[in-house]
Amino acid sequence: GGLQGPTYGVIWTDIDVWIMQYTNDPVSIFNFTRQGSGCGLIGPHAAGVLGNDVLWCGESNFFGLSGSGVQAIPCTVWDFIFQNLNRAQAHKVCCASNSAFGEISWFFPSGTAMENDAYVKFNTADKTWDYGYLTRTAWQDISVVGNPVGTDTGAAVYQHETGNMISGAGNSSFRSGWWAIADG
């Protein structure tokens, strides 16, 4: 997989992550530098940019690339995704940046599902995770169309973050990772 980071291109193999930077040299136009090993990309759409950071889902962990290099992201909902992921469909994992709220999500096929039906979400400001079930197969962050847009398996397009209520839903809820009473 690959994408354009804040000031460099990012290229993943299934094992490593590399950055590609323009050199302004007529002989070697780009410089390639391996930034990390053992932190490959689980699928071609499993990475996203949020602010100045590039975040992605690997085979068994989440990672971030920033000025300090590649770091594993501690995940309190690790079991929900990595023990629930349909490995035969793991290449369908879809990253969804929501820059207005400093959040990044990964939609994935759970259990025996053939398409993405669940998600985990990381809030980069307060370093918290939550998870749930929602079908999204593609995502575009804020753009000229406005707030984030996501699609489901039935080709319906949804614009997110447009109000305070889930239209047509009877009960709303959210889930979070484990926490201790001493934490709160």
Side-chain angles (χ1 to χ4, degrees), residues 1-12 17 41-58 61-67 70-71 73-78 80-82 84-86 89-111 113-177:
L3 60 75
Q4 179 60 46
T7 59
Y8 46 82
V10 185
I11 301 170
W12 288 269
V17 62
L41 193 61
I42 197 167
H45 303 290
V49 177
L50 191 59
N52 289 324
D53 298 329
V54 177
L55 300 113
W56 69 94
C57 180
N61 211 346
F62 293 98
F63 299 95
L65 176 62
S66 61
V70 175
Q71 302 290 323
I73 301 171
C75 180
T76 57
V77 296
W78 187 93
F80 182 74
I81 181 170
F82 292 110
N84 214 5
L85 176 64
N86 179 347
Q89 302 297 322
H91 62 280
K92 295 180 179 178
V93 172
C94 172
C95 183
S97 299
N98 187 342
S99 56
F101 290 92
E103 297 172 341
I104 192 159
S105 304
W106 288 271
F107 292 93
F108 65 96
S110 67
M114 299 302 285
E115 299 294 338
N116 296 346
D117 66 340
Y119 71 90
V120 294
K121 180 172 56 180
F122 180 59
N123 183 303
T124 58
D126 57 16
K127 309 292 185 222
T128 56
W129 290 85
D130 71 83
Y131 63 94
Y133 293 93
L134 183 64
T135 301
R136 291 294 177 267
T137 56
W139 185 272
Q140 175 62 47
D141 197 1
I142 296 172
S143 67
V144 293
V145 225
N147 289 336
V149 174
T151 61
D152 68 9
T153 56
V157 178
Y158 300 91
Q159 188 161 28
H160 291 258
E161 313 299 352
T162 58
N164 297 324
M165 192 174 151
I166 300 172
S167 178
N171 297 321
S172 339
S173 65
F174 73 93
R175 296 179 182 182
S176 181

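- Between Phe82 and Phe108, the ring centre distance reaches or exceeds 6.0 Å.
- In this structure, Gln159 contributes its side chain and Val145 its backbone to a donor-acceptor pair below 3.5 Å.
- Closest non-hydrogen pair, Leu134 versus His160, comes out as CD2-CE1, 4.4 Å.
- Side chain of Ser97 to backbone of Val49: a donor-acceptor contact under 3.5 angstrom is found.
- The local environment of CG in Asn52 is sparse, with at most 12 non-hydrogen atoms from other residues, nucleotides or ligands closer than 6.0 Å.
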Discussion item. Quick one, Trp139 with His45, criterion ring-ring contact (aromatic ring centres under 6.0 Å, His included). Give me CA distance, side-chain angles, the key distance, then yes/no.
Written reply: CA-CA 10 Å; Trp139 185 272; His45 303 290; over 10 Å; no

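- Among all heavy-atom pairs drawn from Pro6 and Gly51, the shortest one is CG-O, 4.2 Å.
- Considering every non-hydrogen atom in both Gly9 and Gln4, the closest pair reads N-NE2, 4.0 Å.
- Under the 4.5 Å side-chain criterion, counting only non-hydrogen atoms from C-beta, Val120 is not in contact with Ser105.
- Checked options Tyr119, Trp106, Tyr133; the residue passing with Phe80 is Tyr133 (criterion: ring pair (Phe, Tyr, Trp, His ring centres under 6.0 Å)).
- The OH atom of Tyr131 sits 13.0 Å away from the NZ atom of Lys121 when rounded to the nearest 0.5 Å.
- For the atom pair CG of Asn116 and CZ of Phe107, the computed distance is 8.0 Å after rounding to the nearest 0.5 Å.
- At distances below 3.5 Å, not a single donor-acceptor pair connects side-chain atoms of Asp53 with backbone N or O atoms of Gly64.
- Looking at Asp141 and Ser99, their side chains do bring a donor and an acceptor atom within 3.5 Å of each other.
- Centroid-to-centroid, the aromatic rings of Trp129 and Phe62 come within less than 6.0 Å.
- With rounding to the nearest 0.5 Å, the separation of CG in Leu50 from CG in Leu55 is 6.5 Å.
- The CD1 atom of Ile73 sits 8.0 Å away from the CH2 atom of Trp56 when rounded to the nearest 0.5 Å.
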Worksheet entry | Steps toward side-chain contact (heavy atoms from CB on, under 4.5 Å) verdict (Leu3, Trp12) | CA-CA 9 Å; Leu3 60 75; Trp12 288 269; 3.9 Å; yes

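- Thr151 and Thr137 form a side-chain donor-acceptor contact under 3.5 Å, judged by distance and modelled atom types alone.
- Using modelled atom types, one side-chain atom of Asp117 and one backbone atom of Ser110 make a donor-acceptor pair closer than 3.5 Å.
- Tested against Glu115 for a side chain to side chain donor-acceptor pair (under 3.5 Å), the candidates Lys92, Arg136, Gln89 yield a single pass: Lys92.
- Side-chain contact, Thr128 with Asn123: no donor N or O sits under 3.5 Å from an acceptor N or O.
- Between atom CD1 of residue Ile81 and atom SG of residue Cys57 there is a gap of 4.5 Å, rounded to the nearest 0.5 Å.
- With rounding to the nearest 0.5 angstrom, the CG atom of Asn61 is 11.0 Å from the CD1 atom of Ile42.
- Across all their heavy atoms, Gly5 and Val54 have their closest contact at CA-CG2, 4.1 Å.
- Heavy atoms only, all atoms of each residue included: Cys95 and Ala46 are closest at CB-C, 3.6 Å.
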Worksheet item: Given the rule in the side-chain contact (heavy atoms from CB on, under 4.5 Å) test, do Val10 and Tyr8 qualify, once you have shown the distances and angles that lead to the verdict?
Response: CA-CA 7 Å; Val10 185; Tyr8 46 82; 3.5 Å; yes

